[in-house]
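Chain A is the first sequence line, chain B the second, and so forth, proteins listed ahead of strands; every chain is numbered from 1. Computation of the quantities below employed the complete heavy-atom set of this structure, encompassing side-chain atoms and omitting hydrogens, waters and symmetry-equivalent molecules.
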Amino acid sequence: MTTDQPILEVRGLQKQYGRHVALAGIDLKIAAGELVFVIGPSGSGKSTLLRCLNRLEEPDHGQILFEGQDMSGKKNDLNLLRQRVGMVFQAFNLYPHLTALGNVTLAVRKVLRKSREAADAIGLAALRQVGLVEKAGSYPNELSGGQQQRVGIARALALEPKVVLFDEPTSALDPELVRSVLEVMRDLKRAGMTMVVVSHEMKFAREAADRVIFMAEGAIVEQGPPEEIFSHAREPRTRAFLSQVGA
Amino acid sequence: MHALVDQFFNVAIMAQAMPIMLRGLGWTLVLCAVAVPCSFLAGVLIAVLGTVRFAPVRWLMVIYVDLLRSIPPLVLLILVAAALPFAGIRLSPFAAVLLALTLNASSFYGEIVRAGIESIGTGQWHAARSTGLSYAQSLVHVILPQALRNVLPDLASNTLEVIKLTALASVVSFQELLYSADMARSVTYNSSPITLAALIYLIFLWPLVRLIGRLEHGVKA
């Protein structure tokens with residue numbers, strides 16, 4: 001294994017819903033430690049791409065390689081891929097019947113097969129990482145949106161993933177709650193976590209992303225460093241989108 | 001008026017019938033204690049099998065539920081008790097009643113649990129599966145606890161129905177509460193034991209009815 005091998009790679013990824021083409025053949029390499037931002041109009045296939053990366057969505061064609069290993073195909077251990085590639089959701093999707101700690105430790109106990117004590121230690125460490133260790137015993141409905149999303153991040157982190165996928169992590173949040181979530185993502189970036197983020201937080205993309213990908217109609221239209229995309233986009237569609245969202 | 005009191009509220013007759021009725025009550029409780037968990041677990045299984053990806057299994061569950069919801073439980077019981085011996089299967093009255101009740105009640109429990117599972121959004125499945133939990137683990141640890149909580153009043157309500165249905169067992173000579181009361185009635189030529197049976201049902205079931213009322217008001221939308 002060479003050091004420049006991508007941690008996650010997709011080749012020729014295609015996905016269709018009936019006659020609607022959601023992904024029209026995506027090729028993408030993500031390097032370890034990279035923060036990749038995916039932007040684009042709604043319906044451009046960003047979220048579908050993200051969900052294909054941990055196979056929550058089954059692509060029709062194409063390959064998904066994790067550390068060079070082909071993860072597509074039925075015979076692969078899906079649950080192993082998902083344990084390596086964590087996911088954070090727009091609507092948080094916390095389990096309402098479990099406490100914050102219960103949310104974070106469920107998969108640690110059932111997938112990693114840790115004892116309750118070991119899982120609790122891992123869970124508390126993950127909650128500490130997102131600044132919510134004192135909320136370990138709170139239920140989701142007792143937490144603010146920003147806190148819920150940070151628990152969602154802790155839930156992904158507790159499995160020690162190599163990559164975390166963020167599907168519009170702040171778009172369900174009130175503006176004043178966004179900052180705490182972005183702060184956690186910034187910390188993760190500093191700690192070297194590989195992240196793929198679908199989001200409309202252009203300011204955050206400009207300051208934290210290593211690469212920005214603009215998607216439209218199920219294809220990657222343009223990609224590059226944030227400075228290049230935001231200030232010197234070559235494609236008219238990219239420029240039109242950026243001026244529309246006011247970036 | 002005197003005849004009515006003598007026929008239906010005769011305390012002396014009730015006292016006389018009490019021992020045999022208490023034995024009947026015991027069997028009713030045993031039947032409930034077995035039939036309710038059996039049919040509930042069968043219902044959960046039916047509901048879960050109704051969610052699998054393999055379509056023929058789902059169709060089978062729909063057919064099972066539709067069929068058993070359409071047959072009156074009394075007809076089902078007589079059918080089970082009368083027809084199975086011809087197929088070479090000799091069931092005790094208890095087993096026949098248990099089988100008929102479970103077939104009937106599981107279809108209703110199944111429908112309730114299915115509604116509960118469907119009330120849980122796909123986001124919960126996504127979250128669970130994204131952390132590497134298997135389908136079965138997601139179901140057991142994430143979906144079912146929420147689903148069952150959402151349909152708790154309906155589950156309790158169906159349980160009340162199952163308990164009342166145990167009285168049907170009297171028609172296949174299973175000596176539960178109603179059968180015992182009827183036996184006492186035919187021996188004494190007096191209907192007071194039936195009144196006593198009604199009272200006993202009332203004493204046991206009224207708290208459950210109240211509980212259901214509270215559950216229905218207490219569950220938040």
Practice task
Verify the neighbour count for atom CZ of A:Arg116: are there more than 12 heavy atoms of other residues, nucleotides or ligands below 6.0 Å?
Solution key: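 At most 12 heavy atoms, drawn from other residues, nucleotides or ligands, come within 6.0 Å of this atom.
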Problem - NZ/A:Lys189: more than 12 non-hydrogen atoms of other groups inside 6.0 Å - result: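 Atom NZ in A:Lys189 is packed in, count exceeds 12.
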Contacting moiety of [X], where chain B heavy atoms sit under 4.5 Å:
X        : answer
A:Tyr95  : both
A:Val88  : neither
A:Leu165 : neither
A:Arg84  : neither

Handout entry: Contacts of residues 113-132 of chain B with chain A (heavy atom under 4.5 Å)
Key =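 B:Gly123, B:Gln124, B:His126, B:Ala127, B:Ala128, B:Arg129, B:Ser130, B:Thr131, B:Gly132, listed by number.
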Exercise for the section: Write out, in numerical order, the residues from residues 64-102 of chain B with a heavy atom short of 4.5 Å from a heavy atom in chain A. Expected result: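 Checking residues 64-102 of chain B against chain A gives no residue, so none.
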Practice task
Report the C-alpha separation of A:Lys46 and A:Glu168 in whole Å, then their side-chain angles, then the decisive distance to 0.1 Å, and conclude whether the side-chain contact (heavy atoms from CB on, under 4.5 Å) test is met.
Solution key: CA-CA 10 Å; A:Lys46 322 178 288 280; A:Glu168 308 207 18; 4.3 Å; yes
Handout entry: Backbone of B:Ser107 reached by a side-chain donor or acceptor of B:Glu111 within 3.5 Å
Key =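 The answer is no, because no donor-acceptor pair under 3.5 Å joins these two groups.
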Exercise for the section: Examine distances only and state if a side-chain atom of A:Asp167 and a backbone atom of A:Gln90 form a donor-acceptor pair shorter than 3.5 Å. Expected result: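 Flag not set: sc A:Asp167 to bb A:Gln90 has no pair under 3.5 Å.
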Exercise for the section: Begin from the C-alpha positions of A:Met87 and A:Leu50 and carry the test side-chain contact (heavy atoms from CB on, under 4.5 Å) through to its verdict. Expected result: CA-CA 9 Å; A:Met87 188 152 198; A:Leu50 212 60; 4.2 Å; yes
Handout entry: Any donor-acceptor N or O pair under 3.5 Å, side chains A:Gln16, A:Asp60
Key =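 No pair is found: no donor N or O on one side chain lies under 3.5 Å from an acceptor on the other.
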Problem - A:Glu57 side chain to A:Thr48 side chain, donor-acceptor N/O pair below 3.5 angstrom - result: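 Their side chains do not contain a donor-acceptor pair, so the 3.5 Å distance test is not met.
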Exercise for the section: Between chain B and each of A:Val85, A:Leu94, A:Leu81, A:Asn54, count heavy-atom pairs under 4.5 Å; write down the option with the most. Expected result: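 Answer, by heavy-atom pair count under 4.5 Å with chain B: A:Leu94.
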Handout entry: Test item: B:Thr28 and B:Phe204 side chains (from C-beta on) under 4.5 Å apart, heavy atoms
Key =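 SC-SC contact between B:Thr28 and B:Phe204 ruled out.
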Handout entry: Side-chain touch A:Leu8/A:Thr194, heavy atoms, less than 4.5 angstrom
Key =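 A side-chain contact under 4.5 Å is absent here.
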Practice task
Mark yes or no: B:Arg53 above the aromatic ring of B:Tyr135, with NZ or CZ under 6.0 Å from the six-membered ring centre and no more than 45 degrees from the axis.
Solution key: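 Judged by the rule, B:Arg53 and B:Tyr135 form no cation-pi pair.
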Practice task
Provide the closest heavy-atom pair for B:Glu176 versus B:Ser170 in the form atom of the first, atom of the second, distance.
Solution key: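 For B:Glu176 and B:Ser170, the tightest heavy-atom pair comes out as OE2-CB, 3.3 Å.
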